[in-house]
Number of protein chains: 4
Amino acid sequence: MTGTDEHEPKWRRLPEERPQQILDAAIEVFGDHGLADARLEDIAKRAGVSKGTIYLYFPNKEALFKEMIRQTVIDQLEQTERDLVNDRGSATDQVRLFMRWWWALMRRPDYQRIHRLVVGELQRFPELVEFFWDEVIVRRQLLLDRLIQRGVDSGEFRPVDPTTAGRIVTSMFSAHSLWACTRFYEKQELTDEIVFDQVMDYFFHSLSPAAVLAVAAPGRS
Amino acid sequence: MTGTDEHEPKWRRLPEERPQQILDAAIEVFGDHGLADARLEDIAKRAGVSKGTIYLYFPNKEALFKEMIRQTVIDQLEQTERDLVNDRGSATDQVRLFMRWWWALMRRPDYQRIHRLVVGELQRFPELVEFFWDEVIVRRQLLLDRLIQRGVDSGEFRPVDPTTAGRIVTSMFSAHSLWACTRFYEKQELTDEIVFDQVMDYFFHSLSPAAVLAVAAPGRS
Amino acid sequence: MTGTDEHEPKWRRLPEERPQQILDAAIEVFGDHGLADARLEDIAKRAGVSKGTIYLYFPNKEALFKEMIRQTVIDQLEQTERDLVNDRGSATDQVRLFMRWWWALMRRPDYQRIHRLVVGELQRFPELVEFFWDEVIVRRQLLLDRLIQRGVDSGEFRPVDPTTAGRIVTSMFSAHSLWACTRFYEKQELTDEIVFDQVMDYFFHSLSPAAVLAVAAPGRS
Amino acid sequence: MTGTDEHEPKWRRLPEERPQQILDAAIEVFGDHGLADARLEDIAKRAGVSKGTIYLYFPNKEALFKEMIRQTVIDQLEQTERDLVNDRGSATDQVRLFMRWWWALMRRPDYQRIHRLVVGELQRFPELVEFFWDEVIVRRQLLLDRLIQRGVDSGEFRPVDPTTAGRIVTSMFSAHSLWACTRFYEKQELTDEIVFDQVMDYFFHSLSPAAVLAVAAPGRS
DNA sequence: GATGAATGAGTATTCATTCAT
DNA sequence: GATGAATGAATACTCATTCAT
């Protein structure tokens with residue numbers, strides 16, 4: 001069929017890469033349109049394959065969506081753990097380093113897309129929520145826990161529950177990440193750098209041992 | 001209710017209420033399924049009208065969606081400003097009061113749904129984003145600004161930019177609101193009350209004047 | 001509701017005129033859009049009544065359509081017969097006069113619309129076709145018959161079957177009438193007057209007694 | 001036909017033929033119901049394909065309609081020009097031959113349908129009108145022009161403007177063609193053959209050189 | 001493996017018709 | 001009589017999924 005003499009590109013389309021090509025295309029298309037509005041045909045086109053080919057690797061649209069979330073998230077997590085610096089320096093510096101790394105990740109367009117999808121559509125897939133909880137929330141929390149606990153132990157931070165503190169700082173970055181891709185940032189002349197510094201400033205202030213005495217016990221109003 | 005022996009409701013046909021009936025149904029259905037996955041027929045059924053009736057009041061699905069967002073958001077805002085207490089008591093108490101009121105709003109199921117939709121789908125409607133910015137973000141910010149500035153002036157808070165501080169506390173509640181409707185809360189045995197206290201605790205600590213000296217200047221790592 | 005003292009217009013909307021108002025509106029709307037594409041709401045609006053009112057006078061859309069055709073056609077016919085001059089002058093002049101009158105009728109916008117509808121949609125209503133045949137075709141033919149027969153009798157025209165001759169001249173005007181509302185006429189710089197003269201010229205030439213000998217017997221090819 | 005024991009057709013899937021299959025079905029269904037009343041599903045069924053398949057080849061209903069008109073008309077024209085006999089014999093014979101060929105075309109059921117649609121609905125599509133003018137009216141006129149001019153030159157016909165004469169004979173056949181599919185023909189016991197002979201008879205009489213002197217100058221009445 | 005033509009269930013939208021007021 | 005809000009059947013069009021090649 002392909003003729004007598006091979007003079008084809010050495011390695012054209014490697015079949016082993018197919019699934020990843022499709023997943024990459026899926027990130028973009030699902031990210032831009034959401035699950036329901038994304039068209040398989042667009043994903044196929046962007047992946048450079050035909051519509052039918054997708055079905056060789058994924059049983060249906062929903063499975064493709066879930067696999068895309070799962071795989072993207074896992075990728076990012078594994079990178080996180082791999083990249084995480086050896087514990088050295090002050091807890092403050094460690095936390096700042098970790099969060100800086102993480103903020104950089106959150107600001108990547110592909111993360112943005114996934115994040116938005118997770119917020120918007122994940123509720124409908126309880127299994128994915130489960131997976132997300134176990135693989136993302138818990139693992140990330142464990143990393144932060146360790147760093148914050150160290151700061152508490154060393155007296156850098158006031159004595160807090162590390163899990164709660166981790167959730168607090170995560171919440172700030174998470175919301176800012178969702179806001180960042182709107183025009184709101186331009187209007188306020190915010191940059192990623194400014195936002196990062198602001199969030200870390202407030203976070204570290206909230207952990208300051210000196211602040212403990214100054215804050216009155218919350219009187220229920 | 002239906003009278004003594006009326007086999008049919010005495011007063012059907014309340015055209016003035018139709019649009020609101022439909023919008024209420026739309027909140028639920030759009031909230032559960034998103035824009036693309038919501039079926040007009042479900043909205044009609046839930047509103048107790050026929051499919052065609054929706055088109056007497058809204059030109060199409062997208063317009064219904066946008067009007068629903070717009071109207072819900074405006075409702076909530078007007079309530080906010082109407083309910084906002086006269087400024088009395090310490091700034092700390094005032095902020096706590098305001099945020100408590102607001103957190104209660106955010107936890108309402110209808111707000112949850114709208115919030116999720118705003119995050120998930122608003123990007124596709126620039127006009128709505130614009131509207132949201134002007135009517136929600138800015139107005140809410142102005143309210144917070146005033147309260148925080150008072151705390152700064154009175155020495156209750158360290159000297160901060162009120163707008164930034166407002167954004168910080170908003171970010172924490174916003175993210176927690178999105179997380180709250182997942183099962184994560186159950187797993188961590190969090191309640192609305194606990195979360196509220198935690199967030200306010202961290203926020204007020206971060207504003208503590210005593211904390212200023214204690215936090216080292218951020219050294220770029 | 002209407003207040004205490006009557007000072008309403010003396011004779012507002014006379015109920016007896018309702019059907020005609022509706023039929024007039026129907027001519028325009030059906031004429032512009034055809035049966036299927038015409039919307040009852042447009043007809044109602046144009047007639048200055050509500051949609052429901054139409055159903056007080058006509059059982060449904062199709063009946064309205066048929067009645068509109070029927071009534072318009074009858075109107076025109078009765079006018080024709082009423083206006084037809086007493087037979088005086090040469091047959092040529094009589095025919096020319098009759099056709100001139102008729103051509104003027106055909107060029108009226110309302111006739112145009114009806115004509116187009118008759119051609120386009122009448123097939124689907126056999127009863128209307130029947131009616132049309134009896135009331136329009138036959139009656140018109142009878143009028144023409146008389147005039148042409150007189151010309152044959154007087155020797156002005158060659159000896160022809162008047163019915164056939166009537167059909168021939170009718171065909172020419174009918175087609176030209178359909179063509180006249182297109183831009184074709186502009187392109188050829190034709191006016192109603194020119195077309196009328198051309199058609200009559202050819203028709204009278206075809207009836208010229210002198211022409212009889214000149215035309216060879218048709219050799220089947 | 002289907003082979004000896006094949007329970008399924010051996011060769012389905014002939015994509016090259018799809019568009020034509022659909023267009024053929026469209027002629028019938030549009031022809032019977034008009035543009036607005038035709039249902040795509042009927043066309044699909046008649047073409048032996050599914051509803052969706054139509055959309056693989058035509059972007060929407062209107063485009064299908066226009067393409068059907070365009071293609072049918074073009075087909076007929078090309079055939080006309082291809083079939084047109086080499087000029088030989090008398091002009092009278094040539095015209096008769098041409099018109100006979102053309103009348104046969106006009107009497108075909110598919111032409112009838114198209115003709116009716118053209119009259120009834122074409123006004124709404126100015127582009128199609130334009131196309132029709134250029135491709136049909138003008139081209140047909142050019143063919144007739146040549147033949148009639150020859151007759152004038154040879155003295156067979158009286159000195160007329162060939163374009164006008166062509167329009168006159170066209171008008172007669174056109175109207176008769178529209179009338180022919182009604183029951184009027186039966187009632188008058190007309191056949192295609194009789195009508196053809198009648199029209200040609202009147203047309204040739206109207207062109208007779210001998211008739212010139214006999215027809216009085218039209219006196220405006 | 002890969003393709004893309006074909007399918008048809010699913011949905012937004014329209015509009016003739018009804019009927020409570 | 002008159003209204004116009006309400007209905008829901010009807011229909012164009014989409015797109016995930018299949019399968020012959």
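As the structure is a computational prediction, the values presented were derived from the model and not from experiment. Note on naming: letters A, B, ... go to the chains in the order of the sequence lines (proteins, then strands), and numbering restarts at 1 for each one.
Taking 4.5 Å as the limit, every side-chain heavy atom of Leu35(A) sits out of range of all side-chain heavy atoms of Leu117(A). Under the 4.5 Å side-chain criterion, counting only non-hydrogen atoms from C-beta, Ile114(A) is in contact with Met68(A). Here the side chains of Leu40(D) and Tyr55(D) are in contact, with some heavy-atom distance below 4.5 Å. Between Phe30(D) and Leu64(D), the closest side-chain pair of non-hydrogen atoms falls below 4.5 Å. Using a 4.5 Å heavy-atom cutoff, the side chains of Val29(C) and Arg39(C) are not in contact. Residues Leu23(B) and Tyr57(B) are not in side-chain contact: their nearest non-hydrogen atoms beyond the backbone lie 4.5 Å or more apart.
Judged purely by atom type and a 3.5 angstrom limit, Arg116(A) uses its side chain to pair as donor or acceptor with the backbone of Val119(B).
Going from atom NE2 of His33(A) over to atom C1' of dC15(F) covers 14 Å, rounded to whole Å. If you measure from atom CG of Asp37(D) to atom P of dA16(E), you get 11 Å, rounded to the nearest angstrom. When the C1' atom of dT18(F) is taken as reference, atom CD1 of Ile54(A) falls 14 Å away, rounded to whole Å. Taking atom CZ of Phe58(D) as the reference point, atom P of dA12(F) lies 16 Å away to the nearest angstrom. Between the C1' atom of dG4(F) and the NZ atom of Lys45(C) lies a distance of 12 Å, rounded to the nearest Å. Between the CD1 atom of Ile22(A) and the P atom of dT17(F) there is a distance of 14 Å, rounded to whole Å.
For Ser50(A) and Gly52(C), each mapped to the nucleotide of DNA chain E holding its nearest heavy atom, the one lying further toward the 5' end belongs to Ser50(A). Toward the 5′ end of DNA chain F lies the nearest nucleotide of Leu56(C), the other residue of the pair Leu56(C) and Gly48(B) mapping further downstream.
Ring-plane geometry between Phe65(B) and Phe125(B) is classed as tilted, the angle between the planes lying from 30 to 60 degrees on a 0 to 90 degree scale.
Taking 4.0 angstrom as the limit, Tyr57(A) places a side-chain polar atom (N or O) nearer than this to OP1 or OP2 of dG1(E). Put simply, Thr53(D) has a side-chain N or O that comes within less than 4.0 Å of OP1 or OP2 on dT7(E).
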Extract from the structure each pairing of a protein N or O with an N or O of nucleotides 11-13 of chain E at less than 3.5 Å, listing the distance.
from	atom 1	to	atom 2	distance (Å)
dT11(E)	OP1	Arg39(B)	NE	3.1
dA12(E)	OP1	Ala38(B)	O	3.2
dA12(E)	OP1	Lys61(B)	NZ	3.0
dA12(E)	OP2	Leu40(B)	N	3.3
dT13(E)	OP2	Tyr55(B)	OH	2.6
dT13(E)	OP2	Lys61(B)	N	3.0
dT13(E)	O5'	Tyr55(B)	OH	3.2
dT13(E)	O4	Lys51(B)	NZ	3.0

Derivation of the side chain to side chain contact (heavy atoms under 4.5 Å, CB included) call for Gln21(A) and Arg46(A): CA-CA 9 Å; Gln21(A) 285 170 20; Arg46(A) 205 174 289 232; over 6 Å; no
Strand DNA chain F as a dot-bracket string - pairs counted if Watson-Crick or G-U with both distances under 3.5 Å, | where the partner lies in another strand: .||||||||||||||||||||
